[in-house]
*Asks:* 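Before anything else, here's the structure in question.
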Amino acid sequence: MGANHAHGHGHGTAVPASRRAVVATLAVLLPLAAATLAALVLLWPEGRPAAAPGQAGFERVGGTVTAVVLEPCGETPPGTPEPHPATCGKATIAVDHGGDVTLPLPSGPGSQRFAAGDDVVLLHNPDAEEGMPAYQLSDHDRSAPLLLLGAAFALAVIAFGRWRGLTALAGLAITFVLLLTFVIPGILAGEPPMLVAIVGSAAIMLSVLFLTHGFTLTTSMAVLGTLASLAVTGVLSYGVIGLAKLSGITDDNSFTLDMSMSIDTQGLLLASIMIGALGVLDDVTVTQSVTVSELAAANPSYGFRRLYRAGSRIGRAHIASVINTIVLAYAGASLPLLLLFSIGDQPLGEVLTTPVIAQEVARSVVGTLGLIAAVPITTALAALVTSRHAPPAPATGSPATGSPFGAAAQPATGSPRGSDSFGADSHVGTGSPRGSGYPFSQDGTGFPTGSVAPYRAEAAPPTAEESFFGDDARARQDADRPRSRRGRRRRARP
């Protein structure tokens, strides 16, 4: 089958990589990887950041509710909502490290309800003053349900993705490790949030994409496309934050960080936009790179322009769906806030210009523009390295070939259909529709001696159906060809 049927362990059929493309890719990737590694070492935080002052002296301990005694709720001040009857009373809790405590049930707005047998989290203050409770009932303990949910998630990914699913889980673990040990501690240590986000995003992308999808030219184009799109997203984010005068302080959490930790909240906003965009960018870039690679493998005669146009059509359909996904994701996260604005009966223009909504609008718009830029960039890079491997056009017929119809009737490795004149999926005379190929006769024509070869002066270009569906469309066309020698004679007669 030769060079036209090289298979890789990545996504589908791999197109043979030229030496020039490999050298050029390594010349770009290796310096980027070295710079990312050097920045990661220089910016790596030393030690753990100091705990916030408000949490000093408290430790979390586990316990189990053994009994709940409900009591009548007392009078509430005018204008405040009445508490739910299930939140008025006391609970007896068996503490994990020994002993039982009886604590009042939380009865404020939004308080949770507890019952006997619930696993709970307590806040313990060993330095509590005389007459003050040493324990406070804080929350439900969700460790067991979350572990069960995580196990179900991992099993589903491995069952469907197999080895690829296992590498995806390993990449997810690397992402969490870098976020928890580098990005968050680095920002808390006082490093510029934008620089930390850029280095962390590059480290996550380089390690996760190559680990998940393999060290191939297709993955390399996805990595380069993600890097370029991430740079576009960063520049746009910087411009939008300055243009809209966004401070990054929209809630109590960001206000506390700005007051107690002296963190650059604008840089934190920019870092959050870039890290959030990275999760969708790698999806788009990998899809585009693999799509162009598969198009090139199914249609070796396609040049750069045809590959770019076909890949861009698929990318436009993908982006049209992703845009709606991004907007709905941000709307779902801000749904309580939107309900609050709706109750306040404010005009739409005033709602959109509030700092909270304006910040979410900036996230959505900048993230979408980064995704739109990722499609042409990645498609062009993938088409550039795959279109260089297109084989030369098949030679026209010549009477001096020993075949009734010249060289075009002989098997040719440069045919767009594969390694023989009818493609790799149509074989006659082997006892199987997908046998090893035509038996060569003594005259070297590739057909049994004495038979009439079907006329095929020049390989027809792939149809639109073949361009999109590849081998499936060719298999259906091959099934319609006459399989017998008599059928070939009837087809060859004028």
Side-chain angles (χ1 to χ4, degrees), residues 8 10-18 20-22 24-25 28-29 205 209 212-214 216-236 277-329 364-391 416 460-474:
H11 299 272
T13 307
V15 179
S18 69
R20 181 182 300 177
V22 173
T25 302
V28 177
L29 279 179
M205 179 195 55
L209 288 185
T212 305
H213 304 284
T216 63
L217 201 60
T218 300
T219 308
S220 301
M221 294 304 103
V223 169
L224 293 178
T226 306
L227 273 175
S229 306
L230 198 62
V232 172
T233 304
V235 172
L236 290 175
L278 179 63
V280 191
L281 277 177
D282 60 1
D283 173 31
V284 174
T285 55
V286 169
T287 300
Q288 288 303 115
S289 184
V290 172
T291 297
V292 173
S293 178
E294 291 295 327
L295 286 172
N299 305 276
S301 61
Y302 274 20
F304 172 82
R305 182 175 299 179
R306 298 183 71 180
L307 285 176
Y308 180 80
R309 289 179 177 177
S312 297
R313 286 193 295 269
I314 299 174
R316 282 192 288 269
H318 192 188
I319 288 296
S321 301
V322 171
I323 289 175
N324 197 36
T325 302
I326 293 176
V327 174
L328 289 178
S364 303
V365 173
V366 170
T368 302
L369 292 177
L371 290 178
I372 293 175
V375 171
I377 293 174
T378 309
T379 304
L381 290 174
L384 185 64
V385 298
T386 54
S387 62
R388 297 178 181 272
H389 316 306
T463 63
E465 184 182 18
E466 289 180 329
S467 301
F468 190 81
F469 293 103
D471 294 340
D472 293 338
R474 291 201 299 270

*Asks:* Which residue is it: Val365, Ile372, Leu371? I am looking for the one with a side-chain contact (heavy atoms from CB on, under 4.5 Å) to Thr368.
*Replies:* Ile372
*Asks:* Report the distance from atom CG of Asp282 to atom OG1 of Thr219, rounding to the nearest 0.5 Å.
*Replies:* 11.5 Å
*Asks:* For a quick test of reading the model, state the closest non-hydrogen atom pair linking Ala373 to Pro376 and the distance between them.
*Replies:* O-CD, 3.4 Å
*Asks:* What's the separation between atom CG in Leu278 and atom OG in Ser229, rounded to the nearest 0.5 Å?
*Replies:* 10.5 Å
*Asks:* To the nearest 0.5 Å, how far apart are OG1 in Thr233 and CG in Leu281?
*Replies:* 5.0 Å
*Asks:* Which pair of heavy atoms, one from Thr291 and one from Thr287, lies closest together, and at what distance?
*Replies:* OG1-O, 2.6 Å
*Asks:* Look up atom CG in Leu224 and atom CG in Leu381, then write down how far apart they are to the nearest 0.5 Å.
*Replies:* 6.0 Å
*Asks:* Could you pull out the closest heavy-atom pair between Ala310 and Leu295, with the gap in Å?
*Replies:* CB-CD1, 3.6 Å
*Asks:* If I compare all heavy atoms of Ala380 with all of Phe304, which pair ends up nearest, and what's the gap?
*Replies:* O-CE1, 3.4 Å
*Asks:* Can you name the one residue among Thr378, Val223, Leu217 that meets side-chain contact (heavy atoms from CB on, under 4.5 Å) with Ser289?
*Replies:* Thr378
*Asks:* List the steps and the verdict of side chain to side chain contact (heavy atoms under 4.5 Å, CB included) for His318 and Asp283.
*Replies:* CA-CA 10 Å; His318 192 188; Asp283 173 31; 3.8 Å; yes
*Asks:* First locate atom CG of Leu209, then atom OG1 of Thr218, and finally report the distance between them rounded to the nearest 0.5 Å.
*Replies:* 12.5 Å
*Asks:* Pick from Val28, Val22, Leu29: which one makes a side-chain contact (heavy atoms from CB on, under 4.5 Å) with Thr25?
*Replies:* Leu29
*Asks:* State, to 0.1 Å, how close Ala383 and Leu307 come at their nearest heavy-atom pair, and which atoms those are.
*Replies:* CB-CB, 3.9 Å
*Asks:* Give, for atom OG1 of Thr386 and atom OH of Tyr308, the distance between the pair rounded to the nearest 0.5 Å.
*Replies:* 13.5 Å
*Asks:* Using the side chain to side chain contact (heavy atoms under 4.5 Å, CB included) rule, take Leu227 and Met205 through it: C-alpha gap first, then chi angles, then the decisive distance, then the call.
*Replies:* CA-CA 8 Å; Leu227 273 175; Met205 179 195 55; 3.2 Å; yes
*Asks:* Assess the side chains of Thr226 and Thr285: does a donor N or O sit below 3.5 Å from an acceptor N or O?
*Replies:* yes
